[in-house]
Amino acid sequence: MNRFRANPKLLAPLLAGMAMLGPFSIDAFFPAFRVMEAELSVTPVAMQQSLSVYLLSFAAMSLLHGPLSDAYGRRGVILWSMLLFAVASGGCALAGSYEMLLFFRAMQGVCAGAGMIVGRAIIRDRYDGADAQRLMSQVSFIFGFAPAVAPIIGGFVLGLAGWRAIFWLLAGFTLLLVAAALAALPETHPRERRTRFQLKPLLRTYRAVIGDRRFLLLGFSAALNFGALFTYIASAPSVVLNLLNLSETEFAWLFVPVIAGMMLGSATSARMAGRMSAVRTVSVGFSLMAVGTVLNLAGSAWLPPMIPWFVLPVGVIGMGVTLAFPTLTLLMLDRFPAVRGAAASVQATISLGVSALVSGLVAPVVDASPMLLAASAAAMTASGYALWWLYRRITPDVGPQVLSAKLEAAVAATPSSAHVQG
């Protein structure tokens, strides 16, 4: 029995705090873009790539966080990753050139995903069914604070102590999380259930996960509907400073309505757990996304980009995204219950890969036009729904327990699970 026991009431905020590192690192330095561009002598497009590099390294390492936690335990992977993230944040603060900043941003991305990915596996290790959905939604609810408060805090710190202090703040926050995890985070994956970390069996596991068309449909559906929201997040510096003509301290006008919608969606998902089927929950989420999309397109076509109507439809989209996302995530993890860490890694890689493409390719093209922003978000929402519709067409209506049992048997029968069963 592990000597570290987590209070169930503390587990959700602890996991959410660790998962917050990823989005906090994305949003906190948005208000400093102009200052950093001037000091590092780079263009706005080049500065945007500091986000893409972060997300690409985040996505690549996501393939290993889960399997490493399957092999060596959840707790150790999270602790070491957070310690290295604190070092990388200090490196960003000390960066004397654009190239040095990119290097440490990539290092941040390598480490940032452990809390989010391994945290999902911890939830699934300890809870099933409605309890898992409820805790996943609670984590998403608390996690939703990060994108809202990060640019607000970043703008305040920028005015008080300069852009480098933003990264020092990230380093300090991470070390506080390490201390909290040392005291309260349990090990939910005991030695007798661990697998050896071997490259060939791992590649076979990934081949089995990637070869599951239902998993891919769910993964890309979730990634694309979040991509609709992330288009605005990645475009935030241009949207806030140029389209809305606000200052570096006024990013809250964009992020607070968006995150309020996301948190409301997460809270609704938690209340629906055990009361409404997974299919119905996701369908309600997509319905809200559709309403937000129509309002967004109409507002962009007929109204100038101003507060509040510019941001309110995006908040409705955010509510729909976070209402559907916890259930989509659980459906994905339940495709491969014997290797949830690896499945969580593939799911995160898909989501982050799409987000990296949005930030590096889509956002720089559309961020100067309200209509292009709205049209891009609408296209991703429609694509996400199309994949969900296709998933429903090929998936039989069976109860969660029956489905889980069938999937356990399927995974056990594949060559990729040999190292798991051993």
Side-chain angles (χ1 to χ4, degrees), residues 21-63 84-85 87-113 116 146-147 150-151 154-155 157-158 162-167 170-171 223-224 226-243 248 251 254-255 348-369 372-373 376-377 380:
L21 287 179
F24 206 95
S25 301
I26 292 172
D27 296 353
F29 79 129
F30 278 172
F33 264 35
R34 285 180 175 174
V35 175
M36 295 175 71
E37 289 162 12
E39 183 171 331
L40 300 175
S41 302
V42 295
T43 65
V45 174
M47 200 66 216
Q48 184 76 28
Q49 300 315 307
S50 66
L51 175 58
S52 298
V53 165
Y54 171 86
L55 289 170
L56 285 172
S57 60
F58 197 142
M61 188 61 192
S62 293
L63 288 172
L84 290 174
F85 182 89
V87 171
S89 299
C92 290
L94 296 171
S97 67
Y98 175 67
E99 292 75 19
M100 187 176 177
L101 175 69
L102 287 185
F103 173 81
F104 283 110
R105 284 290 286 170
M107 185 176 172
Q108 276 188 319
V110 166
C111 305
M116 178 182 71
V157 173
L158 174 67
W163 68 266
R164 297 179 188 276
I166 297 172
F167 291 102
L170 275 172
L224 286 167
F226 182 74
L229 194 62
F230 195 73
T231 301
Y232 283 86
I233 295 174
S235 303
S238 178
V239 168
V240 173
L241 302 175
N242 300 328
L243 288 181
E248 286 84 354
F251 273 69
L254 172 63
F255 282 93
T349 299
I350 292 172
S351 181
L352 290 162
V354 170
S355 295
L357 291 175
V358 168
S359 68
L361 299 178
V362 178
V365 174
V366 305
D367 64 4
S369 166
L372 287 178
L373 280 164
S376 298
M380 280 183 264

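For M47 against V42, the heavy-atom pair with the smallest separation is SD-CG2, 4.1 Å. Minimum interatomic distance between L84 and M107 (heavy atoms only, all atoms of both residues): O-CE, 3.8 Å. The minimum heavy-atom distance linking C92 with Q108 is given by the pair SG-OE1, 3.8 Å. Minimum interatomic distance between A377 and Y232 (heavy atoms only, all atoms of both residues): CB-CE1, 4.0 Å. Shortest non-hydrogen contact noted between G154 and I166 is O-CD1, 3.6 Å. Heavy-atom minimum distance, L373 versus L243: CD1-CD1, 3.9 Å.
F24 CZ to L170 CG: the interatomic distance, rounded to the nearest 0.5 Å, is 6.0 Å. In this structure, CZ in R34 is found 5.5 Å from CG in N242, a value given to the nearest 0.5 Å. Summarising the geometry, atom CZ belonging to F167 is positioned 5.5 Å from atom CZ belonging to R105; distances are rounded to the nearest 0.5 Å. Taken from CZ in F58 to OG1 in T349, the straight-line distance is 9.5 Å, to the nearest 0.5 Å. Interatomic distance, OG of S25 versus CG of L51, reported as 10.5 Å (0.5 Å rounding). Rounding to the nearest 0.5 angstrom, the gap separating the CD1 atom in I26 from the CZ atom in F230 is 4.5 Å.
You'll find the side chain of I233 reaches within 4.5 Å of the side chain of F30, heavy atoms only. In this structure, S41 and Y98 have side chains that are not in contact, with every pair of non-hydrogen atoms separated by 4.5 Å or more.
A donor-acceptor contact shorter than 3.5 Å is absent between the side chain of S50 and the backbone of A46.
Remark: A356 pairs with L55, L56 by the side chain to side chain contact (heavy atoms under 4.5 Å, CB included) rule, at least two apart or across chains. With sequence neighbours excluded, the residues that form a side chain to side chain contact (heavy atoms under 4.5 Å, CB included) with A363 are Q48, A234, S235.
Within the structure, no pair that satisfies the salt bridge (Lys or Arg N to Asp or Glu O under 4.0 Å) test touches residues 44-62, not counting sequence neighbours.
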